[in-house]
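Accompanying notes for the structure given below.
Only a predicted model underlies this, so the values are computations on that prediction, with no experimental measurement involved. No hydrogens, no waters, no symmetry mates; every other heavy atom, side chains included, goes into these values.
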Amino acid sequence: MRFLMVGAGALGGYFGARLLAAGRDVTFLLRPGRAAQLATTGLVVRSPFGDLDLPTPKHVLAPQIAGPYDVVVVGCKAYDLDATMDSFAPAVGPDTVILPLLNGLGHIDRLVARFGEARVLGGLCMISATLDDEGRVQHLNDMHSLSYGERAGGRSPRIDAIAAQFAGANFTATASETIAQDMWEKWVFIASAAGLTSLMHASIGDIVAAGGEDVALAIFDECCAIAAHNGFAPRPGAITRGRAVVTTAGSPMTASMYKDMARGARVEADHILGDLLARAPRSASATPSVLRTAYVHLKAYEFRRAREAG
């Protein structure tokens with residue numbers, strides 16, 4: 001089975017490197033700058049689960065794609081998705097499946113519109129990773145899981161084939177028969193954490209120390225209610241875990257969206273918070289919710305950033 005990892009950033013670099021180290025047929029689709037960097041340094045991973053130094057990972061630039069791959073793994077930011085789809089389109093053939101690892105759900109509609117319903121799987125990953133200044137993948141926590149499945153549920157031969165390829169690679173891979181539910185539950189958690197820490201410009205622990213536990217629970221419960229309104233009420237275990245994480249005293253956790261905002265980078269405000277708000281039931285209250293307030297805060301940041309850029 002031939003895998004095309006779209007990019008060799010934190011996500012594509014980590015999971016692609018693990019598959020490559022396990023002997024799988026992996027090619028990285030790179031931009032010229034990253035290709036030049038890897039030609040010098042190789043693909044380097046630093047992780048609590050074992051370091052990797054892969055000197056010559058197979059890669060292509062978009063104009064060099066010569067035909068279809070079996071699985072295209074996509075882990076870009078939502079605001080880059082249109083350009084990313086253009087770059088890997090020549091790799092999509094009649095039997096290609098696309099495994100997206102973006103947060104939220106809006107990207108699914110865009111991928112389906114471009115490549116067709118049957119080609120798009122559901123997927124998510126749980127990992128904290130980043131690229132350092134030298135282009136090395138730095139794995140920052142003890143999670144490195146990837147879940148995937150048919151969006152309609154159940155198992156299929158193609159899911160079984162992917163499972164066989166993921167088996168033995170040094171990460172936790174789960175072929176889920178409830179991937180749509182899983183994706184909604186992650187969306188609830190990501191939107192809550194991103195909205196909360198970005199709005200407060202603080203870690204979970206600092207928010208709790210400031211007496212903000214009620215604010216944390218309010219945004220989490222609001223996100224749960226939106227998921228339930230759309231037919232994907234979070235399961236009891238997800239609710240318990242989520243409420244615990246956003247109220248943990250002393251926790252240093254901040255969402256990646258807050259980290260992006262803190263360094264002046266682009267954020268996925270529309271894809272993570274805005275799209276969730278658009279799926280909410282109509283409210284009779286004239287008072288903006290915590291989620292709505294967090295979204296406006298992030299949009300104000302985006303407008304200010306665009307103005308200052310020119």
* To do: Nearest 0.5 Å please: distance from the CG atom of L101 over to the CD1 atom of I127.
  => 10.5 Å

* Asked: For R279, does its backbone N or O pair with a side-chain atom of N230 as donor and acceptor, under 3.5 Å?
  -> yes

* Is a side-chain donor or acceptor of T248 paired with a backbone partner of S251 at a separation under 3.5 angstrom? -> no

* Asked: Does NZ or CZ of K299 come closer than 6.0 Å to the centre of the six-membered ring of Y301, within 45° of the ring's axis?
  -> no

* **Non-hydrogen side-chain atoms of L29 and I65 separated by less than 4.5 Å** => yes

* For I159 against A175, the heavy-atom pair lying closest together -> CG2-CB, 3.8 Å

* Side-chain touch T254/S203, heavy atoms, less than 4.5 angstrom -> yes

* **Verdict with supporting geometry, L20 and R24, side-chain contact (heavy atoms from CB on, under 4.5 Å)** => CA-CA 5 Å; L20 194 57; R24 308 301 182 253; over 6 Å; no

* **Rounded distance [0.5 Å steps], CE in M126 versus CG in N141** => 8.5 Å

* Considering non-hydrogen atoms only, spot the tightest contact between L30 and A8 and give its length. => CD2-CB, 3.6 Å

* Applying the 4.5 Å side-chain criterion to the ILVMFWY set and letting contacts propagate, would V296 and L277 be lumped into a single cluster? -> no

* To do: Examine distances only and state if a side-chain atom of H107 and a backbone atom of A78 form a donor-acceptor pair shorter than 3.5 Å.
  => no

* Any sub-3.5 Å donor-acceptor pair from K77's side-chain atoms to E268's backbone N or O? -> no

* Common cluster, F189/V215, ILVMFWY with side-chain heavy-atom separation under 4.5 Å -> yes

* Heavy atoms, side chains only, cut-off 4.5 Å: are P68 and D95 in contact? -> no

* Spacing of S145 atom OG and F15 atom CZ [to the nearest 0.5 Å] -> 6.5 Å

* Between atom CZ of R151 and atom CG of L105, what is the distance when rounded to the nearest 0.5 Å? -> 9.5 Å

* Expected output: side-chain T96 to main-chain Y69 donor-acceptor under 3.5 Å -> yes

* Asked: Any luck finding a side-chain donor-acceptor pair between H144 and H139 under 3.5 Å?
  -> no

* Asked: Please walk me through it: do V72 and V97 pass side-chain contact (heavy atoms from CB on, under 4.5 Å)?
  -> CA-CA 6 Å; V72 176; V97 293; over 6 Å; no

* Asked: Does any N or O in the side chain of R263 come within less than 3.5 Å of the main-chain N or O of Y258, such that one atom is a donor and the other an acceptor?
  -> no

* With a cut-off of 6.0 Å (strictly less than), are more than 12 heavy atoms of other residues, nucleotides or ligands near CZ of R292? -> no

* With the 4.5 Å side-chain cut-off for hydrophobic clustering, are V71 and L121 part of the same group? -> yes

* Asked: Can we say R266 and D260 salt-bridge, meaning some charged N sits less than 4.0 Å from an Asp/Glu carboxylate O?
  -> no

* **Cluster link F28 to M1, ILVMFWY, side chain under 4.5 Å** => yes

* Which of parallel (below 30°), tilted (30 to 60°) and perpendicular (above 60°) describes F166 and Y148? -> perpendicular

* **Over all atoms of both residues, closest heavy-atom pair of A10 and A129** => CB-O, 3.4 Å

* **Between E150 and S156, a side-chain donor and acceptor under 3.5 Å** => yes

* Do R18's NZ or CZ and the ring of F171 fall within the cation-pi criteria of under 6.0 Å and 45°? -> no

* **Donor + acceptor pair across side chains of R31, S87 (<3.5 Å)** => no

* To do: Say whether, by atom type as modelled, one donor and one acceptor occur between the side chain of Q181 and the main chain of T178 under 3.5 angstrom.
  => no

* **Exam field: side chain T130 to backbone Q138, donor-acceptor pair closer than 3.5 Å** => no

* To do: Report yes or no: does W184 contribute a side-chain atom to a donor-acceptor pair with the main-chain N or O of A233 at less than 3.5 Å?
  => no

* Step by step, work out the side-chain contact (heavy atoms from CB on, under 4.5 Å) result for R46 and V137. => CA-CA 6 Å; R46 297 292 177 257; V137 178; over 6 Å; no

* **D25/K58 ion pair, N-O < 4.0 Å** => yes

* To do: Indicate yes or no: at least one non-hydrogen side-chain atom of E134 is less than 4.5 angstrom from one of T41.
  => no

* Any luck finding a side-chain donor-acceptor pair between S289 and E222 under 3.5 Å? -> yes

* Looking at V120 and P100, what are the two nearest heavy atoms and their distance? -> CG1-CG, 4.4 Å

* Structure fact -> d(T172 OG1, N170 CG) to nearest 0.5 Å is 8.5 Å

* **Passing option when R110 is tested against D275, D86, D82, D80 for salt bridge (charged side-chain N to carboxylate O under 4.0 Å, His left out)** => D82

* **From CA spacing to verdict: ring-ring contact (aromatic ring centres under 6.0 Å, His included), F115, F88** => CA-CA 11 Å; F115 299 108; F88 72 74; 5.2 Å; yes

* Min side-chain heavy-atom separation L111-M85 under 4.5 Å -> yes

* To do: Take D221 and R243, measure what salt bridge (Lys or Arg N to Asp or Glu O under 4.0 Å) needs, and give me the verdict at the end.
  => CA-CA 8 Å; D221 291 346; R243 288 171 68 90; 2.7 Å; yes

* Asked: Does the side chain of D182 pick up a donor-acceptor pair with the side chain of S176 at under 3.5 Å?
  -> yes

* To do: Please confirm whether the backbone N or O of G264 pairs with a side-chain atom of R305, one donor and one acceptor, at under 3.5 Å?
  => yes

* Asked: For M5 and L99, what are the C-alpha separation, side-chain angles and deciding distance, and is it a side-chain contact (heavy atoms from CB on, under 4.5 Å)?
  -> CA-CA 10 Å; M5 305 296 298; L99 173 54; over 6 Å; no

* Asked: Which distance, rounded to the nearest 0.5 Å, do you find between the CG of L43 and the NE2 of H59?
  -> 11.5 Å

* Hey, does Q165 have a side-chain heavy atom less than 4.5 Å from the side chain of F3? -> yes

* Within-4.5 Å side-chain heavy-atom neighbours: V74 and L102 -> yes

* To do: Identify the two heavy atoms, one from V26 and one from L19, that lie closest to each other, and give their separation to 0.1 Å.
  => CG2-CB, 3.7 Å

* Side chains of Y79 and D270, donor plus acceptor under 3.5 Å -> no

* Can you check whether L273 reaches L298 side chain to side chain, under 4.5 Å on heavy atoms? -> yes

* Grab the two heavy atoms, one from P234 and one from V188, that are nearest each other, plus how far apart they are. => CG-CG2, 4.3 Å

* Carboxylate-amine/guanidinium proximity below 4.0 Å for D51 and R136 -> no

* Same cluster or not: are L124 and V73 linked, directly or through other Ile, Leu, Val, Met, Phe, Trp or Tyr residues, by side-chain heavy atoms under 4.5 angstrom apart? -> no

